Amino acid sequence: MPSSLSESRESQPRASAPHDRPVQLLDPSGRRVPHAPYDDYVADVSGDQLASLYEDLVIVRRLDVEATALQRQGELGLWPPLLGQEAAQVGSARVLRPDDFVFSSYRENAVAYCRGVKLTEMLNVWRGTALSGWNPYEVGMATPAIVIGTQALHAMGYAVGAKLDGEDSVAVAYFGDGATTQGDVNEAMVFAASFRAPVIFFCQNNQWAISEPVTLQAQRPIADRAPGFGIPSVRVDGNDVLAVMAVMRRAVEQAREGGGPTFIEAITYRMGPHTTSDDPSRYVDPLEREEWAGRDPLARVEAHLREAGGLDDALAASIARRADEAAAEFRAGCTEQVDPPPLTMFDHVYAEPHRGVDEQRRQFGEYLESFEEGVN
Amino acid sequence: MPSSLSESRESQPRASAPHDRPVQLLDPSGRRVPHAPYDDYVADVSGDQLASLYEDLVIVRRLDVEATALQRQGELGLWPPLLGQEAAQVGSARVLRPDDFVFSSYRENAVAYCRGVKLTEMLNVWRGTALSGWNPYEVGMATPAIVIGTQALHAMGYAVGAKLDGEDSVAVAYFGDGATTQGDVNEAMVFAASFRAPVIFFCQNNQWAISEPVTLQAQRPIADRAPGFGIPSVRVDGNDVLAVMAVMRRAVEQAREGGGPTFIEAITYRMGPHTTSDDPSRYVDPLEREEWAGRDPLARVEAHLREAGGLDDALAASIARRADEAAAEFRAGCTEQVDPPPLTMFDHVYAEPHRGVDEQRRQFGEYLESFEEGVN
Amino acid sequence: MAEMTLAKALNASLRRSLAHDDRVLIMGEDIGTLGGVFRVTDGLKAEFGGDRVMDMPLAESGILGMAVGLAFKGFRPVVEIQFDGFIYPAFDQIVTQVAKLHYRTRGNVRMPITIRVPFGGGIGAVEHHSESPEAYFAHTAGLRVVTCSTPQDAHTLLQQAIWCDDPVLFFEPKRRYWTKGEVDEDALDRDDVLPMGSARVVVPGSDVTLVTYGPLVATAIDAAAAAAAGSGGGDADTVSIEVIDLRSLAPVDVDTVVASVAKTGRLVIAHEAQRTGGIGADLAAELTDRCFYHLEAAPQRVTGFDIPYPASRHEEHFLPDLDRILDAVDRTMGRRPALYAGAVL
Amino acid sequence: MAEMTLAKALNASLRRSLAHDDRVLIMGEDIGTLGGVFRVTDGLKAEFGGDRVMDMPLAESGILGMAVGLAFKGFRPVVEIQFDGFIYPAFDQIVTQVAKLHYRTRGNVRMPITIRVPFGGGIGAVEHHSESPEAYFAHTAGLRVVTCSTPQDAHTLLQQAIWCDDPVLFFEPKRRYWTKGEVDEDALDRDDVLPMGSARVVVPGSDVTLVTYGPLVATAIDAAAAAAAGSGGGDADTVSIEVIDLRSLAPVDVDTVVASVAKTGRLVIAHEAQRTGGIGADLAAELTDRCFYHLEAAPQRVTGFDIPYPASRHEEHFLPDLDRILDAVDRTMGRRPALYAGAVL
Ligand SMILES: Cc1ncc(C[n+]2csc(CCOP(=O)(O)OP(=O)(O)O)c2C)c(N)n1
Ligand SMILES: Cc1ncc(C[n+]2csc(CCOP(=O)(O)OP(=O)(O)O)c2C)c(N)n1
Ligand SMILES: [Mg+2]
Ligand SMILES: [Mg+2]
């Protein structure tokens, strides 16, 4: 081999080694640790509220596990598990108002849950019965963007629109660590800064882009990029629902007040495979996974609540029951979904009549009928 | 109007307001000012060497003016003047070795001059007789990239190749302030950091992208972006040939030694129109231009040399003569260029035989012959 | 009615749209203060302000992605791409997002985005400034593709594109920007936006149907006049060409062309874009399918060659001109040997 | 000779190229440690090291732009695009740089870049994972476009693509990755790289020429067998179909198709890509031009519809299948009414 390019790359320091201490309010053992000025942003999050967040975390994990099972049973074509990223998604999404708007990737199903997406509608894409499940305008959330990074620009554009309309709503772009390499995400930062758009860039750095470690994409903490574009940024323990909520509230407040964009890097970990098609044993060191298992986003909230008296066995059992109910609803909503009638594939290609597609639909309809009539 | 988006954009601080003091070694009056550690990098640039740089500056300006005249006289279709950017280009290009490789945009004609491009070959593109003028391998410089930003990736890729080949040559990407918005330039930084590629990103911030001020593209000094990608950066007075040379030498030295990429922002000014087709009176404040005229890149070197005794009237006259000779050669090389024979447009579409193009060439040849034969 | 250039008609059309609906936004590089490199947006920023007519940072993907977000928010963005050759950085946003979002969201989210693109050659420009990329977009489901050849059409079709709830690629024949013509600014009733871009029979004729669009419509009219005059050999020498301006390239108004070919039995298609996979290929295939028993000769395509757009000193040879069009007409008339006569074994 | 899957044949072909010439580099997302999402590059990083088989940061434009720089430096990059629908972010680099640099530099700089793209549908995937974008590249001068349908062809054509001094889009029929067949790894002599991708007559026949490529070749063979068997109504009922696998989509080996159509007088073209502006349009136009007097019926195209690739539960209807192909064959034979019989005025 002519040189040791690949070795030099692999020996570089992991970007996830914290640059400055990421915001953390609940440590892995569930202890509340202070971190100014973020404590103030969650001063109101009392026992009940935290229990409610905990319920969210339990439910979204339960749903995620159910979806993986549905895929294994052949009911879904594919599923991208969010296992391990529950706190990052719930903590951020719960901050938003109904009139805010989310643009996400495929993995933000807990965000969709918090936005009020119907459980069944979350599954159409993965069952293959439709290209998307819900009406974005009903829940303030676009359906998933699969082409990596594209949605960052959409969020920025939406935010500029909100500003033009004189509203104080914000837009949020969710994307992964891998996405930060894409030109689109970088252009979104340039434009957001140029227009002082009320947009939050919420990056879930789950350490992996399929099989590629974040070190391939970034030689510095990802959050360090934004300031160069003129965008303040913050790193947060993405497995700490309280800390995520705090940094998100601060960013959203600034955006609503005309302060422009913020970039949030939520440091978390993808505990499962990239999707149900993936085999992480080919590239993940089991020790790394184990290390992260010790920082579980649910465990620490549970420990904290139990300690503070906000959670007893009865409440835990009732939460578990609600999660099971949700999972059952999820499953039913999945298996009930039938294949769409053939000719509906021609629907909505255009909003207005279109000579070409209309003719092809008619012809294909006649063709299908010819079988029924026994002409063939 | 629903809001004041555009006003908020226009009232933001100009990014060109220096963030920290850009490197300067010769001030506009020609006084030598110290700036560690860069002084060391040009300690060897004595009177003779500086006079030779001065000659370069005079010649490239003379050529540029000649090209503009050729365009006005209808000999060229278009010309993108580099007036005002002579020092940035000469100071950086003169640092390179023959085995280094430059990837530039359309405005780097002084760089091409320094790389040894033949004067005639600089003009084919602008006269329209060919899509490019020179053989990149003969001078270590690709022909201009017109699609903004694309060449930054090429330079990065070339640099990775040089590293793979175990060479200590470097690649340089030249681009403008406007180009820094393009995804490609940002991706080039991600990749360059990931591969620790020996590439220099040389941004000439000439304050304008056609009619758009740099404030539209950047809310912070452009050089501030690179560190977030893990790339050291430096701002330099782009109208100071000595300072440019110093920062470039440092960057190139680091790259050769395996230190990876550097980003250089050369702060300069486009004194002319964007191209000969442009009318800057529509958007440039004459006061701004006047201010920059006071920071002329040639004047300060001349003043310094005269003061230090390195330039007298005789030498000045001989330099002017050489510049005139170059301009005459340039002009002759331009007007002598004849239209290429029609069928040569089919040359080099492919490196290997191609059924389709070969057939079309044959048919078109027969078609053209049919006129000669009076068949038509 | 007023006489104006095609560029001015576009400017008037944009002004009218901006005035009519404050959800219309104009976006692009150098389109505000400068008024666009071709001055098509001249004066609009001064009149409507920088919130309606927005100079964009220099990134085409960013601009189109931003337009998508604005369309989500209920705006009608009109984007200018400065030159044909600079649309490719935005290709992903156009093909995977703009074109597909309405379909993906089952009709919930509309993308009424108009993408204006000065296109075509003939102005002696440097590389990337003379291309004809329309076929890429015509092959992309979810998009509509339109072009214009007269000031009146420029005005009307741009209105239609802007009011259309689907995304429209609007190709402007840059070498015809300075063509003058009468424009009735009220020709289009605001509610009468569909069907957009029916083909237009520009010159009626009976021997050969000559279909083209954009910059070559003027050339086709000249060719029809020349053919009608003949080469001086008397009536037997003249050819009656029916010239059709497609206007809409996707979908194509196939019925108008079919009606013509059913009458003439001969078809010539001309465009500047490369031959292979161009609009002409599809039209030839479609017309052969629909008029097989009417055709007296194989449809002929007169196009750019399958080479990159060459240096400008080559462009007169690259671009289809009157002679090459008449040559093809002659071939369909059997007056010259068919190109591939010997090709069949 | 050894039996292997198409995916394995590609893997073997890449291994052979890497071993043969150390200027060959493999680049892409997840192609190193993971061995690619389809395992086409499995084991190559372990064997040749991370400097030859490089996992790339997640940006397609970046990857292609880097490949251009490496080609400038004399390397032969082989790039993997993970799925068809993710090639668009690289479109600008491919169309304005990869395709044009050799022309732009008057032959001084070569771009021997191979771009591997798993393409086509039929695997029940989510959006962007089932597309057929080949026509965009066939319309782009400066590129070559190739695809394969058997393990042997996969092996040989990939060798040819890698050794070709022009850039080649290499489309891999992803739903046929698991098809098995005999492969002679020495079939290709290193110096015998051209002409790349002559079309292949897969099944000889005399009534109808059926042209296709990539994933539909297997379907076409089935169709030919079904037609040869007839519907049980005796000889009069059978149709003898000649199946041609194009292999090269740009340039197309037109002569082989012309020879067949001159014999059969009938042409059916099948592909998964959208109909308008697809490879089929061009081939129909070209064949009509070259075989006008041999054609007994209008060429028929059996293609994806002009809609975005739909949800996977729709794909069996979107994709051309045996029935739709036979339906078109019947139409060229006059056994079913022509689709547009009533369309002509
Ligand atoms: C433009 C594009 N290229 C490639 C892919 C294939 N792909 C799907 S997910 C993925 C990794 C994304 O990583 P990251 O952004 O970190 O998000 P995560 O999956 O970790 O949530 C890749 C490469 C894609 N969807 N889009
Ligand atoms: C992708 C692309 N978009 C638009 C253009 C048109 N264009 C040519 S030069 C230019 C401005 C470039 O500004 P900058 O990068 O600052 O370089 P400068 O001209 O100032 O040297 C623009 C928009 C282009 N060439 N390429
Ligand atoms: Mg990730
Ligand atoms: Mg500039």
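To find a chain, count down the sequence lines: A is the first, B the second, and so on, and within it residues start at 1. As a basis for the values below, the full set of heavy atoms in this structure was taken, side chains included, without hydrogen atoms, waters or symmetry mates. Everything quoted here is computed from the prediction, not taken from an experiment.
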Query - Toward chain B, the part of Asp253(D) with a non-hydrogen atom under 4.5 Å - result: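 Backbone plus side chain of Asp253(D), per the 4.5 Å heavy-atom cut-off to chain B.
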Requested in this report: Heavy-atom distances under 4.5 Å only: say whether Ala67(D) touches chain B with side chain, backbone, both or neither.
Outcome: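 For Ala67(D), there is no contact with chain B at all, as no heavy atom is under 4.5 Å.
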Query raised in the report: Rounded to the nearest 0.5 Å, how far does CD1 of Ile222(B) lie from CZ of Phe175(B)?
Result: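 Phe175(B) atom CZ to Ile222(B) atom CD1 measures 8.5 Å (nearest 0.5 Å).
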Query raised in the report: What's the spacing between Ser277(B) OG and Ile210(B) CD1 if we round to 0.5 Å?
Result: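 Reported value, rounded in 0.5 Å steps: 10.0 Å.
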**Report entry** Thr96(D) side chain vs Gln93(D) backbone, donor-acceptor pair below 3.5 Å
**Finding:**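 Not a single qualifying donor-acceptor pair exists.
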Query raised in the report: Taking Asp55(D) for the side chain and Asp30(D) for the main chain, is one N or O donor matched with an acceptor at less than 3.5 Å?
Result: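 Yes.
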Chain D contact via [X] - which portion, at a heavy-atom distance below 4.5 Å:
X: Gln182(B); value: neither
X: Glu359(B); value: side chain
X: Ala162(B); value: both
X: Thr150(B); value: both
X: Asp358(B); value: neither
X: Tyr137(B); value: side chain
X: Met189(B); value: neither
X: Asp347(B); value: backbone

Query - Ring center gap for Phe171(D) and Tyr213(D) short of 6.0 angstrom - result: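 No; Tyr213(D) has its ring centre 6.0 Å or more from that of Phe171(D).
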Query - Aromatic ring proximity, centroids under 6.0 angstrom, Tyr158(B) and Phe75(D) - result: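 Not under 6.0 Å, so no.
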Query - Between Leu25(D), Val68(D), Val254(D), the one whose heavy-atom pairs under 4.5 Å with chain B are most numerous - result: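 Most heavy-atom pairs within the cutoff with chain B belong to Val68(D).
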**Report entry** Asp245(D) to Gly214(D) - nearest heavy-atom pair and separation
**Finding:**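 So the two residues come closest at OD1-N, 4.3 Å.
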Query raised in the report: Under a 4.0 Å N-O cut-off, is there an ion pair linking Asp165(D) with Arg76(D)?
Result: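 Between Arg76(D) and Asp165(D) there is a salt bridge, with a charged N closer than 4.0 Å to a carboxylate O.
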